[in-house]
Structure formats: C-alpha cells, structure tokens
Amino acid sequence: MIARDCSANFSALKVNRYIMSTAKKQFYVFGELVEVVVSSKETNGTFCVIRQYSNPGGGPPPHIHAKEDEFFTVIDGEFEIFDGATWHPIDKGETAYTLRNNPHTFRNRGSAMGCIQATVIPGGLDEYLERLSRLSMPPVIEEVVQVSDPYGISFLPPQH
C-alpha cells in the first residue's frame, strides 16, 4: 500500500473550525460523569458525541439501541466492549463500534479512571442520558424503563 499526501485536497475543503476547551454539558448517569462534546441539537439530530468517565469495573449495563449506531474511541485507560457474547479489549486510541439492535456495553478493565468517547448516529443519546441523570440514586428500574422506552433502549437481563 502506498501512503498518499492528502494535504493538497484538504485545503480545498470547507471546514467550520472551532476549539472547545470544555464540555457543553456535564451530568452523572448511574454515578458516572458524562460530558456532551457535540450535542444532538447542534447537528440537527444527525449525531452527537459524548464522553463517559468510568472507574475500574465501571460502565453501563448491557443494553440494546433500536435507533442508534455507536462508534467508541478510548480517550484514556483500558476498556473492553461486550458484543452480547464476548468481551473484546480496546486500549487508548483504539476504536470499536456497535450497530443498532445488537446487545452491547463497555467497561473499564483498567486499574484507574478511564474515559471513552462515543459518536452516536443519529443523535438523541445525549438527551436520553441527561434525562436519566435526573433519576434518583440508586435508580428504580421502573423509572429507568419509563425513560428508556421512548428512546428505543432496552436492557439485558442481569446474567449478561
């Protein structure tokens, strides 16, 4: 394979540039910090980008999205992605994805706080997570289901 210099083509692109030094929103979901990097509102619902900070062993319960595909990038730490059957390690700078209607989750497999970023297509997950953040802790499963149903998100039984 031959490497190509694409810089000449890049200069012809029209790019909206801005630098974001802080997240647009921050809130806690099930005790973990979530930052909204690019909101669904900004992209007219096309996509959103969020970051989640997880302690060792942390991450969401296994679940299914009926409406979204997710593309994960490890920003810091050591994570693993569950595909409904097997855990797959991903390290800092590595990526993984999951398509809608497939069971999945992620967790921090390291020994320190980690950060994973998710690009979610189409958008809406940032709004869902913000609604979840308003639930009392520990969450009541019936309330979680009530918030999750309109977003097409369901959770797998605990044995997963």
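Everything quoted here is computed from the prediction, not taken from an experiment.
- Between the side chain of S40 and the main chain of C48, no donor-acceptor pair closer than 3.5 Å is present.
- For the salt bridge (Lys or Arg N to Asp or Glu O under 4.0 Å) condition, no pair includes a residue of residues 115-124, sequence neighbours left out.
- Annotation: side chain to side chain donor-acceptor pair (under 3.5 Å) contacts involving residues 138-156, sequence neighbours excluded, comprise Y128-S148.
- The salt bridge (Lys or Arg N to Asp or Glu O under 4.0 Å) test applied to R109 returns E78, D91, not counting sequence neighbours.
- Taken to the nearest 0.5 Å, the CZ atom of F106 stands 9.0 Å off from the CD1 atom of I90.
- Every pair passing salt bridge (Lys or Arg N to Asp or Glu O under 4.0 Å) that includes a residue from residues 53-70 is listed here, sequence neighbours excluded: D69-R100.
- A continuous path of ILVMFWY side-chain contacts below 4.5 Å connects F30 to V120, so both sit in one hydrophobic cluster.
- Residue V29 is grouped with residue I153 when hydrophobic side chains (ILVMFWY) are merged at heavy-atom distances under 4.5 angstrom, including chains of intermediate members.
- Considering CZ of F71 and OG1 of T98, their distance stands at 12.5 Å, rounded to 0.5 Å.
- For the residue pair D126/S39, the side-chain donor-acceptor check at 3.5 Å is not satisfied.
- If you take NE2 on H65 and CD1 on I121, they are separated by 12.5 Å, rounding to the nearest 0.5 Å.
- R107 is listed as a side-chain neighbour of W87, based on a closest heavy-atom distance under 4.5 Å.
- Closest non-hydrogen pair, S111 versus P56, comes out as C-CG, 3.5 Å.
- Annotation for I81 and F72: closest pair CD1-CD1, 3.9 Å, computed over non-hydrogen atoms.
- For the atom pair F82 CZ and H88 NE2, the distance stands at 9.0 Å (nearest 0.5 Å).
- Under the 4.5 Å side-chain heavy-atom criterion for ILVMFWY residues, a single connected hydrophobic cluster contains both L125 and L132.
- Taking every heavy atom of both residues into account, Q52 and P60 meet most closely at NE2-CD, 4.0 Å.
- Across all non-hydrogen atoms, the minimal contact from A66 to N101 is CA-OD1, 3.5 Å.
- When atom types are taken as modelled, the side chain of K24 and the backbone of V37 share a donor-acceptor pair closer than 3.5 angstrom.
- Following chains of ILVMFWY side-chain contacts shorter than 4.5 Å, one can reach L129 starting from V144, so the two form part of one hydrophobic cluster.
- For the pair N55 (side chain) and G58 (backbone), a donor-acceptor distance under 3.5 Å is absent.
- Nearest approach of F47 to T119, heavy atoms of both residues: CD1-CG2, 4.4 Å.
- Atom CD1 of I64 is separated from atom CG of N102 by 8.0 Å, given to the nearest 0.5 angstrom.
- In this structure the side chain of T105 never reaches within 4.5 angstrom of the side chain of L156, judged on heavy atoms.
- If you check the side chains of T73 and Q117, you find no donor sitting under 3.5 Å from an acceptor.
- E35 is linked by a salt bridge (Lys or Arg N to Asp or Glu O under 4.0 Å) to nothing, counting only residues two or more places apart in sequence or in another chain.
- Under the side-chain contact (heavy atoms from CB on, under 4.5 Å) criterion, K25 pairs with F27, V36, E130, not counting sequence neighbours.
- Taking 4.5 Å as the limit, some side-chain heavy atom of V147 sits within range of a side-chain heavy atom of L135.
- For the atom pair CE (M113) and CG (D76), the distance works out to 10.0 Å, reported to the nearest 0.5 Å.
- Residue S54 comes nearest to E32 through the heavy atom pair OG-OE1, 2.8 Å, listed as atom of the first residue, atom of the second, then distance.
- With a 4.5 Å cut-off on side-chain heavy atoms, Y53 and N108 do not count as touching.
- Side-chain contact check for H104 versus H63: some heavy-atom pair is nearer than 4.5 Å.
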